[in-house]
Amino acid sequence: MAFGRVTVRGSTAVDVAPALRVPVGVLGTGVAVPDRVVTNDELAQTLDTSDEWIVTRTGIRQRRFLEPGRTTSDLCVEAAERALERSGLRAEDIDAIVLATITPDQPLPSTALMVKERLGARHALPIDLNQAACAGGVYAILVGAHLLQSRDTRAVLAIGAEALSRLTDPEDRTTRVFFGDAAGAAVLGRTEEGYGLIAWDCGSLLSTSVQVPAGGSQRPHDHHTVAERLQYLKMDGRVVWNAATTALPQTIRRAAEAAGVDVADIHHFFLHQANLNIITEVMRTLGVPLERAGITVDRLGNTGAATIYTVLDEALRARRVRRGELLAIAGIGAGFLWGSLIVRQQ
């Protein structure tokens, strides 16, 4: 589904209705990563793999693993504090926290509530998005933008965070080499007309190609599920490749159409950092130079819901994004769930 009305003559969009009644932009971003660096050579000591194999197939050279005793919420708080500082707002100015993760501190209580309490965001409504997986970072921003359509909501904190080292099987080469831990945050608030989030597109297709088989109501944990290692993330890499390289270009094109812009006119692409080869293929399919895509997967691995924030934050801190430039933010996650946002930098 796409939003924003577009009338097209030839290749030129001539009439675009605003996607949001109240324009919403990113006021500040922040990222937190663990100190512990895990190289490919370290993983190769216990897995049937090598640095060459991992780099060739994923583009990943290292990732970060959360230290023992630390949790997803620890990373969330660090990232949120940095985003708040750069936005010029205080924790008590935040009206809602939308936290996307598939690795909450525990099933209950709410991880968003834990973050709210630790930040001192006493007015914030805590919202947990726990099953959007790698699309969660995009969905958190989209949900936050819609919350800001209320006259009573002035600022929203969107967070994507994962401690995927706790969810991948240490004995499984298929998943262990891909994933890392990180948190990213964006403070969302009202901006000038014509700037901020101007269009989006979302889609889904039910698939069990990426799943955690046990731990829910269908198959609660017991000694059988633990013996079969069903508490860990399972992934069919070939199906993921096909889904990502198909859905991401399509959703970006639809969002660009809804915004009334050509994909070629988008200056920056902040894509889910699943795999460098996937990013390369998506950009090739779009016909856009790879240089326009931010890259952190080589240093951080796939950090799930956090990945889009890692590339966005890096570009903003380096001042590579200028006022008026168009940004595409897109992700796809287990489910499959996907979505893209078109943003005009304010």
Side-chain angles (χ1 to χ4, degrees), residues 33-68 70 72 75 101-103 133-135 160-183 207-215 225-246 248 271-284 290 293-308 310-311 331-336:
V33 298
D35 291 332
R36 183 188 171 197
V37 176
V38 178
T39 64
N40 293 341
D41 287 335
E42 180 178 339
L43 292 179
Q45 293 176 17
T46 56
L47 295 171
D48 180 18
T49 190
S50 67
D51 176 69
E52 181 184 6
W53 188 95
I54 297 170
V55 171
T56 300
R57 287 161 178 77
T58 72
I60 299 169
R61 298 183 180 277
Q62 62 183 43
R63 72 286 295 145
R64 303 294 184 98
F65 281 3
L66 197 59
E67 300 83 1
R70 301 192 71 210
T72 298
L75 292 174
T101 184
I102 58 169
T103 57
C134 299
E162 307 291 3
L164 290 167
S165 64
R166 309 278 170 87
L167 195 63
T168 52
D169 187 340
E171 299 179 7
D172 180 15
R173 178 182 70 173
T174 304
T175 58
R176 193 65 169 174
V177 302
F178 279 95
F179 295 99
D181 305 339
S207 170
T208 57
S209 301
V210 185
Q211 64 169 324
V212 179
T225 65
V226 173
E228 296 175 43
R229 308 184 78 80
L230 299 182
Q231 73 272 33
Y232 292 122
L233 182 71
K234 310 297 181 183
M235 182 175 70
D236 184 326
R238 175 50 56 183
V239 176
V240 170
W241 170 275
N242 291 336
T245 57
T246 299
L248 285 174
L271 308 181
H272 171 47
Q273 304 287 295
N275 177 320
L276 182 58
N277 295 334
I278 288 177
I279 296 169
T280 301
E281 179 63 15
V282 169
M283 297 298 285
R284 186 197 65 79
L290 181 60
I295 304 294
T296 58
V297 67
D298 56 337
R299 291 159 281 145
L300 299 178
N302 180 346
T303 57
T307 69
I308 62 160
T310 65
V311 283
I332 182 170
F336 289 106

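Note that this is a predicted model, so its numbers are computed, not measured.
Looking at Q273, its side chain never comes within 3.5 Å of a backbone N or O of T307 through a donor-acceptor pair. One N or O on the side chain of R63 and one on the backbone of V177 form a donor-acceptor pair closer than 3.5 Å. For N40 (side chain) and I60 (main-chain N/O), a donor-acceptor pair under 3.5 Å exists by modelled atom type.
In this structure, V282 and A244 approach most closely via the heavy-atom pair CG2-O, 4.0 Å. In this structure, T303 and E162 approach most closely via the heavy-atom pair O-CG, 3.3 Å. Summarising the geometry of T58 relative to F178, their closest heavy-atom pair is CG2-CE2, 3.3 Å, with the distance given to 0.1 Å. Residue A305 comes nearest to A161 through the heavy atom pair CB-N, 4.0 Å, listed as atom of the first residue, atom of the second, then distance. Closest non-hydrogen pair, G304 versus L164, comes out as N-CD1, 3.8 Å. The two residues F179 and F65 come nearest to each other via the heavy atoms O-CE1, 3.4 Å.
Scanning for side chain to side chain donor-acceptor pair (under 3.5 Å) contacts around E281 gives R284, with sequence neighbours left out. The salt bridge (charged side-chain N to carboxylate O under 4.0 Å, His left out) check on R64 picks up nothing, with sequence neighbours excluded. Residues that satisfy the side chain to side chain donor-acceptor pair (under 3.5 Å) test with S209, not counting sequence neighbours, are S207.
Note that CZ of F336 and CG of N242 are 9.0 Å apart. Values are rounded to the nearest 0.5 Å. A distance of 4.0 Å separates CD1 in I279 from CD1 in I295, rounded to the nearest 0.5 Å. We find the CZ-CD distance between R36 and E42 to be 5.0 Å, quoted to the nearest 0.5 Å. Here the CG atom belonging to L167 is positioned 5.0 Å from the CG atom belonging to L233, to the nearest 0.5 angstrom.
The list of side-chain hydrogen bond (donor to acceptor under 3.5 Å, both in side chains) pairs with a residue in residues 230-241, not counting sequence neighbours, is empty. Contacts classified as side-chain hydrogen bond (donor to acceptor under 3.5 Å, both in side chains) and involving residues 164-183 (residues at least two apart or in different chains) are given here: S165-D181, T168-R176, D169-R229, D172-T174, D172-T175. Sorted pairs that involve residues 44-59 and meet salt bridge (charged side-chain N to carboxylate O under 4.0 Å, His left out), not counting sequence neighbours, are lacking altogether.
Just one residue in the list D35, V33, T103, L75 forms a side chain to side chain contact (heavy atoms under 4.5 Å, CB included) with L66, and that residue is L75.
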>> I'd like to know whether V311 forms a side chain to side chain contact (heavy atoms under 4.5 Å, CB included) with L271, so could you lay out the CA-CA distance, the side-chain angles of the two residues, the decisive distance to 0.1 Å, and finally the verdict.
In response: CA-CA 8 Å; V311 283; L271 308 181; over 6 Å; no
>> Using side chain to side chain contact (heavy atoms under 4.5 Å, CB included), reason through D298 and L276 one step at a time and then give a plain yes or no.
In response: CA-CA 7 Å; D298 56 337; L276 182 58; 5.6 Å; no
